[in-house]
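Counting convention: from 1, in listed order, for ligands and their atoms alike.
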Amino acid sequence: MDSRSAAASGFPPGFLWGCATSAYQIEGSPRADGAGASIWDRFVRTPGRVLGGDTGDIACDHYRRMREDVALMRELGLTTYRFSIAWGRVMPEGRGRVNAAGLGFYERLVDELLRAGITPMATLYHWDLPAALDDRGGWLNPDIADWFADYAQVCWSALDDRVPLWATINEPWVVADGGYMHGVLAPGHRSAHEAAIAAHRLMQSHARAVQAYRAVGRQQIGLVVNIEPKHVMPDASEADRHAQRLADAYMNRQYLDPALLGRYPEELREVFGAAWPDWSDAEVEALKAPVDFLGLNYYTRAVVRHDAQAWPVPASPVRQPGAIYTETGWELHPQSLTDTLLWMSERYGGLPLYVTENGAAFYDPPKPVDGRVDDPLRVHYLRTHLGAVRDAIARGADVRGYCAWSLLDNLEWALGFAKRFGLVHVDFETLQRTPKASARFYADVIASHGAALDR
Ligand code: BGC
């Protein structure tokens, strides 16, 4: 497509169209070829932690079916693929010894993608911390920034010549909130004090890796955050508005503000109370590291009201009558995707942006019928959210790519295989892949560089 017709569709020439996945959710064979255990290998084996006792032992078997999956991506016309590298495959103990066989898997994946004309986008950390590091305190240990930067260097020395886009950490908020505050994700702790420390160590690790990359890297590096705009009802009280500000600081600004502005939002002292560690100005300023791009994972917004029982933020969501909700209980609200892209662009200096995840779990037919899986709500979700991205571009946000979550139905963490986010259906008994109607729709969007959104 020439650049004039590409631009006419509302998406700039070179805009990347992709799907995203993460290692533990799709790969299976978590201990193959000398890989070390991760906190997820342990978590899934702790009774009651994962719905239905599901594990990532097989997942989508992508580790063994990688070539078939890249062929599928090519068939859909993807121009980028966002995947994560399992730290424990590369360094089984998390530090020190490098496992060439584990690294080799990602080298083969990247080569296969490049052969298919697909730009690799690699995330260094998508929640699968090596268990050996967790034994040393995991994200609470002050040394973790050095461990992370060392691991990142190993990945770059093998892959930086072929991977043009690197992300350090996927959704630090989820790592700290799910892993250390509420304990619903690995490693399953429940402590506000630990959550504040883990959050800080995550951002230290991000900053240390970005600094290290400046010395050796040849490509681009960024951070991936999940943002969920917090709104109030039209008749909101002052207490509701205050709760909204706290919720926004905790979820949406706790990570981006230190990483890009060198300060924590003021409201965090109130959110964490006595659990808030008194970081010195110098310690907080050191979290600032200039990135080449920001990745946004956007799923939903939340309308909140004050709720004194909610912890750590005194806010609860209010269900919106008439709205469509996904199977994970998330309201469809594409307008908030536009608003978030514009907000990020304005607040953080007009950085290039990628939508690194966006998608929905819906109740799909359990099995393909005549080789088809019809998922009209997901098609609607994709159509409206891609439209929202286009609106943000028209209003000046520098959005350079979009990745649907997810390529395949996969292990939805503590929810097991029950919630399906894939554009491609996976039969978890036979592991057969069947592109859903949403995959076909997305393929048309890609082939027309966005024009199919208006058909
Ligand atoms: C994560 C994915 C997850 C998705 C849907 C994001 O928070 O990065 O790993 O599967 O949301 O819940």
Side-chain angles (χ1 to χ4, degrees), residues 18-28 30 38-40 43-44 50-51 54-56 59-60 62 81-87 121-129 167-182 184-186 199 202 206 222-229 250-252 254-255 294-302 325-333 336-337 340 354-364 375 377-378 381-382 385 402-424 426 428 438:
C19 281
T21 63
S22 90
Y24 190 74
Q25 292 179 276
I26 65 162
E27 286 177 355
S38 77
I39 52 174
W40 273 91
F43 199 68
V44 297
V50 176
L51 210 70
D54 290 343
T55 76
C60 305
H62 170 76
Y81 172 57
R82 173 172 177 254
F83 61 95
S84 78
I85 298 176
W87 188 338
M121 200 189 286
T123 301
L124 290 163
Y125 186 73
H126 199 128
W127 309 358
D128 45 0
L129 190 74
T168 52
I169 290 164
N170 179 73
E171 301 187 353
W173 179 79
V174 176
V175 178
D177 181 77
Y180 292 87
M181 178 78 86
H182 288 106
V184 294
L185 301 174
L202 282 156
H206 160 75
L223 173 68
V224 171
V225 289
N226 57 305
I227 301 289
E228 187 181 287
Y250 175 60
M251 189 164 177
N252 299 331
Q254 183 174 189
Y255 300 88
L294 288 175
L296 165 66
N297 293 356
Y298 173 82
Y299 288 90
T300 190
R301 67 151 178 180
Y325 283 83
T326 72
E327 277 287 294
T328 48
W330 298 340
E331 183 194 348
L332 250 73
H333 205 265
S336 287
L337 172 53
T340 302
Y354 291 86
V355 177
T356 33
E357 285 179 31
N358 176 236
F362 286 114
Y363 185 77
D364 297 335
D375 57 341
L377 281 172
R378 192 171 292 100
Y381 187 100
L382 273 178
H385 286 80
Y402 172 94
C403 290
W405 182 271
S406 179
L407 177 70
L408 304 168
D409 289 336
N410 59 46
L411 183 87
E412 180 52 20
W413 304 111
L415 300 177
F417 295 107
K419 304 291 178 219
R420 292 175 176 269
F421 278 87
L423 302 194
V424 175
V426 176
F428 289 106
S438 55

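Within ligand 1, counting atoms from 1 as listed, the ones closer than 4.0 Å to a heavy atom of Glu412 are 3 (C), 5 (C), 10 (O), 12 (O). Distances below 4.0 Å separate heavy atoms of Asn170 from the following atoms of ligand 1: 8 (O). If you number the atoms of ligand 1 from 1 as listed, the ones under 4.0 Å from a heavy atom of His126 come out as 1 (C), 2 (C), 8 (O), 9 (O).
Classified by interplanar angle (parallel below 30°, tilted 30° to 60°, perpendicular above 60°), the ring pair Phe43/Trp40 is perpendicular.
Put simply, the side chain of Asp409 does not reach to within 4.5 Å of the side chain of Phe417, judged on heavy atoms. Between Val44 and Tyr24 the shortest side-chain heavy-atom distance falls below 4.5 Å.
Salt-bridge annotation for Glu228 and Arg301: absent, with no side-chain N of the basic residue lying under 4.0 Å from a carboxylate O of the acidic one. Using a 4.0 Å cut-off between charged side-chain N and carboxylate O, Glu412 and Arg420 make no salt bridge. A salt bridge links Arg378 and Asp364; the closest N-O separation between the charged side-chain nitrogens and carboxylate oxygens is under 4.0 Å.
Residue Trp330 places a heavy atom less than 4.0 Å from ligand 1. Put simply, no part of Asn226 is less than 4.0 Å from ligand 1, judged by heavy atoms.
Looking at Asn297 and Asn170, their side chains do bring a donor and an acceptor atom within 3.5 Å of each other.
The nearest protein atom to atom 1 (C) of ligand 1, hydrogens excluded, is given as Glu357 OE1, 3.3 Å; this is a heavy-atom distance. Protein heavy atom closest to atom 7 (O) of ligand 1, with residue, atom name and distance, is Glu171 OE1, 2.6 Å.
Of all the listed residues (Phe421, Trp127, Tyr299, Tyr24), Tyr299 holds the heavy atom that lies closest to atom 4 (C) of ligand 1.
By the criterion of a heavy-atom distance under 4.0 Å, neither the backbone nor the side chain of Trp173 is placed next to ligand 1.
Among the atoms of Trp413, some N or O lies under 3.5 angstrom from an N or O of ligand 1.
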